[in-house]
Amino acid sequence: MSALPTVSAAESSSAAVGRVVSGGVDTSHRAILYLEDITVSFDGFRALDKLTLTIDAGELRCIIGPNGAGKTTMMDVITGKTRPDSGSAFFGQTIDLTRLTEAEIAHAGIGRKFQKPTVFENHTVFENLELAMKTDKRVRASLRARLDSAQLDRIAATLDLIRLSGEARKLAGLLSHGQKQWLEIGMLLMQEPQLLLLDEPVAGMTDEETERTAELFKTLAGGHTVIVVEHDMEFIASIADVVTVLHEGSVLAEGSLDKVKNDSRVIEVYLGR
Ligand SMILES: Nc1ncnc2c1ncn2[C@@H]1O[C@H](COP(=O)(O)OP(=O)(O)O)[C@@H](O)[C@H]1O
Ligand SMILES: [Mg+2]
């Protein structure tokens with residue numbers, strides 16, 4: 001019974017398609033993301049082949065599948081980097097992702113973390129979070145402007161969440177690989193996305209960093225919707241609720257990890273090799 005965001009007359013009159021309500025995605029039907037019959041071809045090869053997938057608000061969804069299954073292409077479609085040849089992609093009930101630019105999609109509340117961390121190495125951890133929060137992307141101008149107490153509180157809370165409170169004054173370039181990954185997740189969080197897409201987040205992490213990342217993701221779920229693509233099955237087992245298995249551009253199996261692990265087709269194309 002969540003309250004719907006207030007919609008002004010001007011907004012509601014153009015509500016049919018493509019409306020962007022920043023921070024007010026209409027998830028009154030529980031689902032936050034709908035992909036239906038999405039097809040993406042590269043020179044005739046179907047990277048996605050009528051992919052249909054629904055994600056509920058607050059879910060922590062794991063996506064697994066062999067190399068080339070279309071996992072990254074799916075994220076490219078959701079974030080507007082790749083346009084589908086056909087099919088529909090909606091964020092909430094009203095936001096048609098196939099009509100928006102990458103920047104508009106980010107602004108609407110979808111944040112993506114790529115595999116390789118992209119932090120500002122010559123700035124401190126604190127400054128990285130500060131820059132991620134600011135709308136003025138010119139580094140000098142942003143860092144000169146004073147932070148108000150609410151902004152300081154948000155940075156402190158994020159530092160705590162990503163377990164970098166003790167490293168706030170350290171240059172980001174001096175962090176470990178795992179810490180850089182957490183910092184980048186923190187930078188995404190400063191933009192207050194509702195949906196977070198994380199592509200192979202624990203690749204290259206130590207076992208301890210991987211365990212801490214699992215805890216972080218479990219903390220984020222609920223308040224955010226999180227979609228994680230990962231190959232590390234131990235990590236998946238530690239966070240999994242619903243798991244979706246992609247194969248040749250569409251959903252091969254979906255359900256609890258136990259269910260998909262015992263699916264003979266999943267064993268054949270992915271787990272059994
Ligand atoms: N820009 C592109 N041009 C041509 N082929 C691509 C492109 N992007 C992805 N592909 C192909 O599409 C298929 C799916 O790739 P991808 O989505 O990266 O899979 P995954 O992330 O599951 O490993 C692969 O066969 C890949 O080679
Ligand atoms: Mg990939």
Side-chain angles (χ1 to χ4, degrees), residues 33-55 59-91 97-98 100-103 105-106 110-118 177-178 180-181 184-185 188 193 195-205 209-210 213-214 217 225-237 239-255 257 260-261 263 265-273:
L33 184 75
Y34 300 87
L35 302 180
E36 198 177 339
D37 284 341
I38 295 278
T39 296
V40 171
S41 305
F42 297 110
D43 302 321
F45 172 79
R46 291 191 170 195
L48 294 180
D49 189 6
K50 289 183 166 289
L51 173 67
T52 295
L53 188 67
T54 304
I55 310 281
E59 254 197 78
L60 172 49
R61 177 71 65 96
C62 297
I63 312 269
I64 60 175
N67 280 326
K71 304 179 298 294
T72 298
T73 305
M74 179 197 75
M75 292 198 167
D76 290 344
V77 167
I78 297 167
T79 55
K81 191 175 173 213
T82 297
R83 295 284 168 210
D85 303 329
S86 57
S88 57
F90 274 84
F91 184 39
L97 295 171
T98 65
L100 302 183
T101 64
E102 284 186 80
I105 290 171
I110 298 181
R112 177 184 194 173
K113 207 196 102 34
F114 290 90
Q115 210 173 316
K116 204 169 168 287
T118 49
H177 171 75
K180 283 182 192 170
Q181 299 280 33
E184 198 181 1
I185 291 167
L188 277 179
L195 173 61
L196 277 163
L197 307 177
L198 304 157
D199 202 351
E200 303 193 20
V202 301
M205 281 191 186
E209 287 173 338
T210 300
T213 305
F217 288 6
T225 308
V226 183
I227 301 179
V228 185
V229 165
E230 196 36 82
H231 284 292
D232 183 330
M233 289 306 286
E234 213 175 307
F235 175 74
I236 293 288
I239 62 169
D241 182 16
V242 176
V243 177
T244 299
V245 185
L246 289 195
H247 177 55
E248 293 179 349
S250 53
V251 175
L252 180 68
E254 195 167 275
L257 183 60
V260 302
K261 264 169 97 173
D263 185 310
R265 293 163 309 164
V266 176
I267 294 167
E268 189 184 329
V269 306
Y270 185 53
L271 298 172
R273 298 177 315 165

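Order of listing sets the numbers, starting from 1, for every ligand and every atom in it.
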Thinking salt bridges, do Lys81 and Glu102 make one under a 4.0 Å N-O criterion? no
Under a 3.5 Å distance rule, please check whether [X] uses its side chain to pair with a backbone N or O of [Y] as donor and acceptor.
X	Y	result
Arg265	Leu252	yes
Thr52	Asp37	yes
Glu230	Val202	yes
Thr244	Ile63	no

Report the relative orientation of the aromatic rings in Phe235 and Phe217; use parallel for angles under 30°, tilted for 30 to 60°, perpendicular for over 60°. perpendicular
N or O contacts of ligand 1 with protein under 3.5 Å, please list pair by pair.
from: ligand 1; atom 1: 17 (O); to: Thr72; atom 2: N; distance (Å): 3.4
from: ligand 1; atom 1: 17 (O); to: Thr73; atom 2: N; distance (Å): 2.9
from: ligand 1; atom 1: 17 (O); to: Thr73; atom 2: OG1; distance (Å): 2.6
from: ligand 1; atom 1: 19 (O); to: Gly70; atom 2: N; distance (Å): 3.2
from: ligand 1; atom 1: 21 (O); to: Thr72; atom 2: N; distance (Å): 2.9
from: ligand 1; atom 1: 21 (O); to: Thr72; atom 2: OG1; distance (Å): 2.9
from: ligand 1; atom 1: 22 (O); to: Ala69; atom 2: N; distance (Å): 3.2
from: ligand 1; atom 1: 22 (O); to: Gly70; atom 2: N; distance (Å): 3.0
from: ligand 1; atom 1: 22 (O); to: Lys71; atom 2: N; distance (Å): 2.8
from: ligand 1; atom 1: 22 (O); to: Lys71; atom 2: NZ; distance (Å): 2.8
from: ligand 1; atom 1: 23 (O); to: Gly68; atom 2: N; distance (Å): 2.8

I'd like to verify the contacts: list protein N, O or S atoms under a distance of 2.8 Å from the Mg ion (ligand 2). Thr72 OG1
Scan Arg112, Lys71, Arg83 and name whichever one has a salt bridge (Lys or Arg N to Asp or Glu O under 4.0 Å) with Asp76. Arg112
Considering all heavy atoms, the nearest Ala253-Val266 contact: CB-CG2, 3.6 Å
Please identify which of these residues, Ile38, Thr98, Thr72, meets the side chain to side chain contact (heavy atoms under 4.5 Å, CB included) condition with Val77. Ile38
